[in-house]
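Below, all heavy atoms of this structure are taken into account, side chains as well, without hydrogens, waters or symmetry copies. Here is how names work: the chains are called A, B, and so on, in the same order as the sequence lines, proteins then strands, and each is numbered from 1.
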Amino acid sequence: MFFGTSFFFWLIAALGTLVLPWHMQQDGLTLAGLFALGRGEAEAASALSQATQFGRFWFWPVIAGLLLALPGALPTGERARRARFLVWGGGLGLAALVLQGLAVGIQGWNWPVLARLFGELEDRQFGIGLGGALAFAGFLILLTDGLALRGYLKGDRFVSGAVGLLVASIVVFTAWPVGTVLSEMFTPRADLTLGAAMAERLFDSKIWGLGCVTGRVNCGVFWNTLLLAVSTATAATTLGLCFALIVTRSGFRAKKLLRLLTVLPIITPPFVIGLGLILIFGRSGVFNQIAESLFGLELGRWIYGFNGVMLAQVFSFTPIAFLVLIGVVEGVSPAMEEASQTLRASQMRTFRAVTLPLMLPGLANAWLVVFVESLADFGNPIVLGGSFGVLSTEIFFAVVGAQQDFGRAAVLAAVMLVVALTAFIIQRSVVGKRSYVSMTGKGDVGLPTKLPPPVRRVAFAIAIPWAILTVIVYVMALAGAFVRVWGRDWTPTFSHFERAFALEWSPAGALIFSGGAWHSLFTTIQLAAIAAPITAGLGLLASWVLTRQRFAGRTALEFALMLTFAVPGTVIGVAYILTYNLPPLEITGTAVILVACFVFRNLPVGVRSGVAAMSQLDKSLDEAAVTLRASTFRTLRTVVLPLLKPAIVTALVYSFVRAMTTVSAVIFLVSAEYEMATVFIINRVINGDYGLAIAYCAVLIVLMMAAIGLINLLVGRRNLGRRAAAIPTPAPVGGRA
Amino acid sequence: MSIPIKTTGAEVRLTGLGKRYGQVQAVKPLDLVIEGGTLVTLLGPSGCGKTTLLRMIAGLEQATEGRIFIGGRDVTLLSAGERNVSMVFQSYALFPHMSVLENVAYGLISSGEKKRDAHAKAEAVLETVGLKGFGGRLPSEMSGGQQQRVAVARALVLEPDVLLFDEPLSNLDTRLRRTMREEIRALQQRLGLTVVYVTHDQAEALAVSDKIVVMRNAGIAQAGAPEVLYASPDSVFVATFMGEANHVRGVIESVSGEHCVLALDGARLTLPGRGLPPGPVDAVIRPEAIRIAAPDAPNGLEATVARATYMGSHTEYYFSTAVGELFAQGADRLRRRQPGEKVRLLLDEEGVVVVRP
């Protein structure tokens, strides 16, 4: 078969290097552009003609790599010899491609060393386009083919290629941007020396100031963020525990309803809660109006600032803590508690001395999950923060505000990154030690012990009012969509929906989507739909490689993948614009950057559901297929994939839904052409146009519920059945918002 | 019954083959020849490296040193699919989403055969293993023994040079295990297959093998025909692993030619000397070599009954003697000995072996 051979990939690399325009074209990818190849214009030419006709000598090493790889790519000859040509040729091509891209930028040499060596360069180049991308992919596969021929990864080309693809994509779309953010801290500013610039950034009182302790000055954003995250995490964990105890350990009738709560944060755009709170407690909110008319109390703006943000976050993240803690509480083996009771411990003592200590690591895990969520949260602080700044909003204002201070944004992002990574590492070690919580693998018999009455009373007293409040907030938030002007004009209306989603007929009889929101809605659905299969595919591939293959650096790869999850969205957003604003990969403002952002932010979800499902699959099934002469690819296609259907669907749904509700990263990446629904909503909120914002949110929620329902219907409960229990709902560990 | 399978029954030759994971030596470099058309068992306790060795032959693990030759061809660097071997897995690894026929035809289709030919051939092989007409079922609709047969058929249909079995019977109940192992042996002999068979059950190994390779601590402890391993084990480990055995210390009093005289307390036994010099030595006594005699029987070992357990067909005894505790089976149903009773034990020289200490 020709497709998929080494020679096929050599041809791809050759196509990218010798034929297609190397750089990104102004008007995107057009047929006209492809046919205008090399017509006198350097920017539209292939690497070959740029090197031969325009004196761009830095392409020669790339071409050399291509030629060097050819003897290896041909399917004849001795194995070892082919391997040598492939490894050296592919490696040289790849290295030359990356280096020339980094070395030559829009203002000539990027590195002063090169200017000294070769003299000033009069030329310049733009970002890599179709040709460069194909060449990159081609060289990468030639290199991994060569390594496989040398016997790496059991000599399996497919696995070797998959590992190469994963490593390359993580390096390009995660490690490089995050590294750029960190290195931005060390970039000197024009008016200051490097040391002074760093010092000013690192020891900025706006970040680290403790003025609020001593005087009436605001504290630094670092302390704000930390205080907020700690308070939110503590409150949400407490509430989550109450809910979890009620659902699993009491005869409460409406358990199913409570469980529904856990679905809410997944399908809720991140600022619905904030809007709901404003509509209740804001200056023209229901609560304030009642208080004023009944008691003449002027409650003012208390909701804006720390109080409001924390309240909103607790509303938003309690379900997440709940979700994590259900598993924890159910994980406590009833046998332990029964043993305790037969040893003459009272119910209360059993709870205190056995149940709670067993749950402690799980509680710590839930706390850290919420901590990271709060840290990364952007939607609630931007809506309710007012003058109370946290890291995520400060980063946003540093970039979009009048300051345009990328250095400052980078420093803030770096601080946030360090905090998030610390929490992530602590969390991993906490979860790692959880093994003693009934991991016997055998089903423990015995009924879960009922809660001791005092604990039960406390749990109900806390949880039930909170559940009611949550419902009220959601109802209010949605009611806002149907009222003309909240607080002033209570006339019921559909005008907000009309403004957003109006449809008209043109005189010619064609349908016109004249509402303001259509464009962003279509873009969002389209990009989310593009990103979802890529995420699921890459995620499953990664989980398959991680669970089924042994190779040097496997743990590192797994850690890097999971780390992606810990990087807050705001940091990713800043990192992406810093990295992809300039050649060699100039994708800011295109759809590519948004899709890449979705894919790599959600990849860990795909990996997790994949790993969970894969560990349910007997490894000898794959091995059987392999000994039955199936290629690795055929094994994946005919054995692994059909058996993983539920996991694939889970990954698809989650990546689709999360792509639709995310805001923190994409707010930096949208452009006029590619506007996202969430960003559109945020802009309406900032303009005070709550009605339209809420109407849009409502539509999103309904859309996503429909999507989830549809998929559940298609796959059928039957398939999900028993196995679904084994695939943990991917509880987000890091910046969802 | 037609036998559609044609195999060469190739020879497997391992030279200096070893595997290490980082610091751990999973299989120490070893040499082994498995002759064409024979059934060779890899026997050993869990963790001895027998499965790793099998998986290296299959191509599922890569050797870190040494070479593997199958039918004279060096396959060390080839992937599993490129070697002409098939494997029957412990869990059978039948694809649960495919019918029995699809399972059996899977390998043929992978090798590029047309679907129709593959199905026809699969039907024929199913018939060979006695599953005619079961092709349309799902594996989950079949019994354990039937699933086992499907797994064998799926491996056989590819006409492999070598057929590998990884503890194939461990998921079956005792009765079925006996039938299945006989079926496998019969099939192997009928088709002249080369089979490498991993098990930890010595009875199973004794029953099916032309040759047994006993493995211990990642290396070969002893290899040979079943009778040889049982009758003259090279070490206490092999002796105790191959069936029940009492391990005692004795003294070789004298050596003359091929034979030696072993002193065990008051008893003197003339045994094959096995090249051992006079002096203290390990001896292995099979329980069936111990006969219980009256307290005054000549050349016997003085013993006291420590425990006696009634087992129906026989009685199990533990005797305390001057050389240590001995386990034996008394077939005499009428005359059960009571704990504390003094007896003499007569040792059948066929069932006693001296072993290098």
Query raised in the report: CD of B:Glu65: more than 12 outside heavy atoms within 6.0 angstrom?
Result: yes
Query raised in the report: Closest heavy-atom contact between A:Arg634 and B:Tyr106?
Result: NH2-O, 3.2 Å
Query raised in the report: chain A heavy atoms under 4.5 Å from B:Tyr21: which part of the residue, side chain, backbone, both or neither?
Result: side chain
**Report entry** From B:Arg83 atom CZ to A:Thr627 atom OG1, the distance as rounded to the nearest 0.5 Å
**Finding:** 11.5 Å
Query raised in the report: Which value, rounded to the nearest 0.5 Å, describes the distance between B:Ile109 atom CD1 and A:Leu628 atom CG?
Result: 11.5 Å
Requested in this report: Grab the two heavy atoms, one from A:Ser620 and one from B:Ala93, that are nearest each other, plus how far apart they are.
Outcome: O-CB, 3.3 Å
Query raised in the report: When you look at CZ of B:Phe69, are more than 12 heavy atoms from neighbouring residues, nucleotides or ligands closer to it than 6.0 Å?
Result: yes
Query - A:Tyr152, OH atom: more than 12 neighbouring heavy atoms under 6.0 Å - result: no
Report summary line: In short, A:Leu621 meets B:Phe95 closest at the heavy-atom pair O-CE2, 3.3 Å
Report summary line: Between A:Arg629 and B:Val85, the two heavy atoms sitting closest are NH1-O, 3.1 Å
Query raised in the report: Where does B:Leu60 contact chain A at under 4.5 Å (heavy atoms): side chain, backbone, both or neither?
Result: both
Report task. Could you tell me which portion of B:Asp166 (side chain, backbone, both or neither) has an atom closer than 4.5 angstrom to a non-hydrogen atom of chain A? Result -> neither
Query - Shortest non-hydrogen separation from A:Leu643 to B:His97 and the atoms involved - result: CD2-ND1, 3.5 Å
Report summary line: Under 4.5 Å to a heavy atom of chain A? For B:Arg154 that would be both
Query raised in the report: Any side-chain heavy-atom pair from B:Phe89 and A:Asp618 closer than 4.5 angstrom?
Result: no
Query raised in the report: Where does A:Thr638 contact chain B at under 4.5 Å (heavy atoms): side chain, backbone, both or neither?
Result: both
Query - Interface moiety of B:Leu94 toward chain A, non-hydrogen atoms closer than 4.5 Å - result: backbone
